[in-house]
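Here is the structure we will look at, set down as structure tokens.
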Protein chains: 2
Amino acid sequence: MPTAFLPIRPDMKATIAEILKRNQLSITESRTKILELFQDTGNALSHSMIEQETGKEFDRVTIYRTLQTFVEKGIIHTIPTADNSVLYALCKEACTQGHHHDNHVHFICDQCNTTYCLDNISTPDIKLPKGFIQTQTDLVVSGICKNCNS
Amino acid sequence: MPTAFLPIRPDMKATIAEILKRNQLSITESRTKILELFQDTGNALSHSMIEQETGKEFDRVTIYRTLQTFVEKGIIHTIPTADNSVLYALCKEACTQGHHHDNHVHFICDQCNTTYCLDNISTPDIKLPKGFIQTQTDLVVSGICKNCNS
DNA sequence: TAATGTTTTGCAACGATGTTGCAAATTCAA
DNA sequence: TTGAATTTGCAACATCGTTGCAAAACATTA
Ligand SMILES: [Mn+2]
Ligand SMILES: [Mn+2]
Ligand SMILES: [Zn+2]
Ligand SMILES: [Zn+2]
């Protein structure tokens with residue numbers, strides 16, 4: 001329990017609880033654990049990675065529903081991948097209920113398979129042919145990440 | 001049958017047969033029909049669209065294997081989508097066995113769901129953080145296409 | 001803290017998607 | 001035309017994702 005002597009690093013549980021409260025979600029074990037996972041790894045996670053990490057703690061269906069809820073609330077966003085698997089990552093910008101603003105580039109390492117949100121690289125403006133109207137841009141770069149690079 | 005009097009539009013069947021031959025693939029009914037479909041629609045197709053179009057002519061598995069083969073040979077390429085469904089489209093550039101060069105932007109219409117290859121819009125160069133090496137870039141824009149636009 | 005209404009979870013069952021092994025059919029080349 | 005090689009269809013299976021419903025957990029109020 002945090003006291004007046006250890007206030008420097010805020011209690012993780014509390015922070016997670018705040019995120020859930022702010023989004024009007026009940027604080028449950030599965031939601032807390034899954035949010036924790038995202039915070040701890042920092043990178044993108046797939047449903048199956050989460051399933052592996054949490055073992056038999058929760059049902060598959062609960063994980064699906066938790067991820068759906070988080071996406072709807074703007075807590076996490078999905079990442080399209082070249083091999084068409086579904087990835088999720090924490091939203092760092094001010095995303096809200098049904099209104100995402102994750103217009104950043106994603107990077108997938110071909111070697112270690114880690115997916116990074118390049119939060120400070122925005123997706124470029126594309127000049128489309130006449131008559132086409134753009135509402136969303138997804139840009140995914142793949143290659144070798146800085147950890148795997150020699 | 002084309003004669004000397006109708007040489008302007010080359011026989012489609014012949015062209016398709018040539019594509020298959022050039023790639024050392026036997027000319028079979030399913031391959032011919034599926035290639036025809038891509039040529040006729042012009043846009044991207046999913047496995048299920050092809051299954052619907054061809055009805056019960058071929059087995060599901062045959063369609064999967066045909067698409068795989070075409071991708072390997074560089075006849076078609078896959079398109080990553082935001083909702084993580086798999087789309088395929090004809091390669092128009094000089095793609096060869098295991099070596100694709102489809103570095104163009106894709107556009108998906110939110111309304112009619114048509115997916116376009118914007119062949120003359122190249123994917124932009126992205127300046128990555130130190131240590132990251134880029135080998136591939138996928139850029140998908142979604143919005144309203146010129147047909148659905150007013 | 002205890003009771004109560006609301007939300008979330010686990011389970012079972014299901015549909016869609018994609019893969020593999022193998023025998024039969026088709027294609028190709030001699 | 002024949003025989004070898006390739007391709008196909010079928011069956012069986014694995015993975016992924018969804019839904020309905022009863023039980024459990026959670027939030028709220030007293
Ligand atoms: Mn991201
Ligand atoms: Mn394309
Ligand atoms: Zn890596
Ligand atoms: Zn359209």
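In what follows, chains are A, B, ... by sequence order, proteins preceding strands, each numbered from 1.
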Quiz prompt | Partners passing side chain to side chain contact (heavy atoms under 4.5 Å, CB included) against B/Thr137 (at least two apart in sequence or in another chain) | solution = A/Leu139, A/Val141, B/Thr123, B/Gln134
Any side-chain heavy-atom pair from [X] and [Y] closer than 4.5 angstrom?
| X | Y | value |
| --- | --- | --- |
| A/Ile50 | A/Leu67 | yes |
| A/Asn149 | B/Phe132 | no |
| B/Ser142 | B/Cys109 | no |
| B/Val105 | B/Leu118 | yes |
| B/Tyr88 | B/Ile34 | no |

Practice problem: Tell me which of B/Val86 and A/Thr62 sits closer to the 5' end of DNA chain C, going by the nucleotide each one is nearest to. | Solution: A/Thr62
Practice problem: Check side-chain hydrogen bond (donor to acceptor under 3.5 Å, both in side chains) between A/Ser46 and all other residues, then give those that pass, not counting sequence neighbours. | Solution: A/Ser48
Practice problem: Mind running a 4.0 Å heavy-atom check of residues 48-61 of chain B against DNA chain C and sending the residues that fall below it, in number order? | Solution: B/Arg60, B/Val61
Practice problem: Within residues 65-82 of chain B, find the residues that approach DNA chain D with a heavy atom at under 4.0 Å, and present them sorted by residue number. | Solution: B/Arg65
Quiz item: Do B/Leu90 and B/Ile16 belong to the same hydrophobic cluster, where Ile, Leu, Val, Met, Phe, Trp and Tyr are linked whenever their side-chain heavy atoms lie under 4.5 Å apart, directly or via other members?
Solution: yes
Quiz item: Are A/Ile133 and B/Ile108 joined in one hydrophobic group, where the rule is that I, L, V, M, F, W and Y side chains link up if heavy atoms are under 4.5 Å apart?
Solution: no
Quiz prompt | Listed partners of B/Glu57 passing salt bridge (Lys or Arg N to Asp or Glu O under 4.0 Å), at least two apart | solution = B/Lys33
Quiz item: With B/Lys21, which residues qualify under salt bridge (Lys or Arg N to Asp or Glu O under 4.0 Å), at least two apart?
Solution: none
Under-3.5 Å N/O pairs linking protein and nucleotides 27-30 of chain C:
{"residue": "C/dC28", "atom": "OP1", "partner": "B/Ile27", "partner atom": "N", "Å": "2.7"}

Quiz item: Under the ring pair (Phe, Tyr, Trp, His ring centres under 6.0 Å) test, which residues partner B/Phe58, sequence neighbours left out?
Solution: none
Quiz item: Roughly, in whole Å, what's the span from NE2 in B/His47 to C1' in C/dG15?
Solution: 15 Å
Quiz item: Can you list every pair that meets salt bridge (Lys or Arg N to Asp or Glu O under 4.0 Å) and has a residue in residues 62-77 of chain B, with sequence neighbours left out?
Solution: none
Exercise. Can you tell me which residue pairs pass the salt bridge (Lys or Arg N to Asp or Glu O under 4.0 Å) test with a partner in residues 105-123 of chain A, sequence neighbours excluded?
Key: A/Lys92-A/Asp119
Quiz item: Which angle, to the nearest 10 degrees, lies between the helix axes at the two ends of the helix from C/dT1-D/dA30 to C/dA30-D/dT1, each defined by five pairs?
Solution: 30°
Practice problem: With rounding to the nearest 0.5 Å, note down the distance linking CD in A/Glu18 to CG in A/Asn23. | Solution: 12.0 Å
Quiz prompt | Opening and closing nucleotides of DNA chain D in contact with chain B, under 4.0 Å to non-hydrogen atoms | solution = D/dT6 to D/dA11
